[in-house]
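Note that the structure is predicted; figures quoted are calculated from it, not measured. Just so you know, ligand 1 is whichever comes first in the structure, and atom 1 is the first atom listed for that ligand.
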Amino acid sequence: MSKKKIIIDCDPGYDDAVALLLAGGSPDIEILGITTVAGNQSLEKVTKNALRIATLIGLDHVPVAAGACRPLLRPAVKVANYIHGESGLDGTTLPQTDRRIDPRHAAQFIVDTIMSEAPKTVTLVPIGPLTNIALAARLEPRIVERVKEIVLMGGGYHIGNVAPMAEFNIENDPEAAHIVFEEKWPITMVGLDLTYQALATGKVKERVSKIGTPVGQFLNDVLLHFSETYKRSKGLTEPPVHDPCAVAYVIDPSVIETRKAPIHVEYQGQYTSGMTVADLRRAAPADCHTQVAVKLDHEKFWTLIEQATQRLANRYEQSF
Ligand code: PIR
Ligand code: CA
């Protein structure tokens, strides 16, 4: 079976880091590029983090391109420093790197990559605000037809985190999210309803602490600090590890149950701006291009992450 080609658009961020580990360590995935967007922290910081994570896990050949430093219409992004800290990855240790970023804007990189690969072979995996994806769709509308699918972390059909009905990635740039959801490419929305099942439980953390390799140690630090900040800001000791859920679905769709439903993004509501309105009242119409993630196989999910981390350990050690 040929590998699944993906572009990860991210804002690392603790859980983005886990998503990169999972993708980088999966034998079924080929990462064509990593693009960054301001979100959990400033564009400068998340881009630096992406470069350093790529170095840690041996993705030296994978281009990293920086994108939007702010939302399309709204003022600068509200960063999530209360969760991810001032650096975006506070408390973790990553190798320094003098690697250069790709000279192109992330949106241009996404367009170039999708247009140069065979039709319907590239999957976009956005795990931050959707600004770059919206820009790419406007820069080259043909990518909408040409992409295989979009599997994104964002939104939720019943719950929000930064507002009663809004999730951080959508709320940060609702106009961009609106653009993305109204285009007719196949979209799987892996929202909070799903990611609140991806808890880093005590058992999970114990398994991770036993891996004992450099990448295992990094993952251990990530889960530890993510747990601490989630406890401090939300009272949860077992934090939901959002972003790798989208990657896990690309690797093995049987990890997540989905349901087709029309989805629209509210970007004008007084109390509901950033809400992803999914119509689950009846069976979706035949031409529906969107679906929501509903149920996670927790054991399968964490096994994928554990195995990916183990594989990366080998690669990392061999490079010395
Ligand atoms: C996680 C995030 C932002 C805010 C909080 N409180 C928690 C980031 C994650 O990286 C993920 O992509 C998404 N935004 C979850 O809302
Ligand atoms: Ca993220």
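Enclosure of atom NZ in Lys295 is not indicated, since only 12 or fewer non-hydrogen atoms of other residues, nucleotides or ligands lie within 6.0 angstrom. At most 12 non-hydrogen atoms from other residues, nucleotides or ligands lie less than 6.0 angstrom from CZ of Arg142. Atom CD of Glu182 is surrounded by more than 12 heavy atoms from other residues, nucleotides or ligands within 6.0 Å.
Of the charged side-chain nitrogens involved, at least one lies within less than 4.0 Å of a carboxylate oxygen, so that Asp112 and Arg104 count as a salt-bridged pair. Contact check on Glu306 versus Arg207 returns a salt bridge, with a Lys/Arg side-chain nitrogen under 4.0 Å from an Asp/Glu carboxylate oxygen. Of the charged side-chain nitrogens involved, none lies within less than 4.0 Å of a carboxylate oxygen, so that Glu149 and Lys184 do not count as a salt-bridged pair. Salt bridge status for Glu140 with Arg146: absent, with no side-chain N to carboxylate O gap under 4.0 Å. Under the 4.0 Å criterion applied to side-chain N and carboxylate O atoms, Arg232 and Glu228 are not assigned as salt-bridge partners.
Residues Lys300 and Asp252 meet the side-chain proximity criterion, which asks for heavy atoms closer than 4.5 Å.
Annotation: side chain to side chain contact (heavy atoms under 4.5 Å, CB included) contacts of Ala293 (sequence neighbours excluded): Val190, Leu194, Ile256.
The distance from ligand 1 to the heavy atoms of Asp16 drops below 4.0 Å at these ligand atoms: 10 (O). Ligand 1 places these atoms under 4.0 Å from at least one heavy atom of Lys234: 6 (N). Shown in contact with Asn161 at under 4.0 Å from a heavy atom are these atoms of ligand 1, numbered in order with element: 15 (C), 16 (O). Taking a cut-off of under 4.0 Å to the non-hydrogen atoms of Asp15, the atoms of ligand 1 that pass are 9 (C), 10 (O), 11 (C), 12 (O). With ligand atoms numbered from 1 in the order given, ligand 1 contributes 11 (C), 12 (O), 13 (C), 15 (C) to contacts under 4.0 Å with heavy atoms of Met153.
Among protein heavy atoms, the minimum distance from atom 13 (C) of ligand 1 is reached at Glu167 OE2, 3.3 Å. Among all protein heavy atoms, the one lying closest to atom 7 (C) of ligand 1 is Tyr230 OH, 3.3 Å. Of the protein's non-hydrogen atoms, Asn40 OD1, 3.2 Å is the one closest to atom 8 (C) of ligand 1. Nearest protein neighbour of atom 14 (N) of ligand 1, counting heavy atoms only, is Asn169 OD1, 3.1 Å.
Nearby protein atoms of type N, O or S around the Ca ion (ligand 2) amount to 5 (distance under 3.0 Å).
No heavy atom of Tyr14 sits closer than 4.0 Å to any atom of ligand 1.
The nearest non-hydrogen atom to atom 6 (N) of ligand 1, considering only Leu192, Leu152, Ile83, Asp243, comes from Ile83.
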**Request:** Could you check His225 against Tyr14 for side chain to side chain contact (heavy atoms under 4.5 Å, CB included), going step by step and ending with a plain yes or no?
**Result:** CA-CA 8 Å; His225 289 92; Tyr14 293 128; 3.3 Å; yes

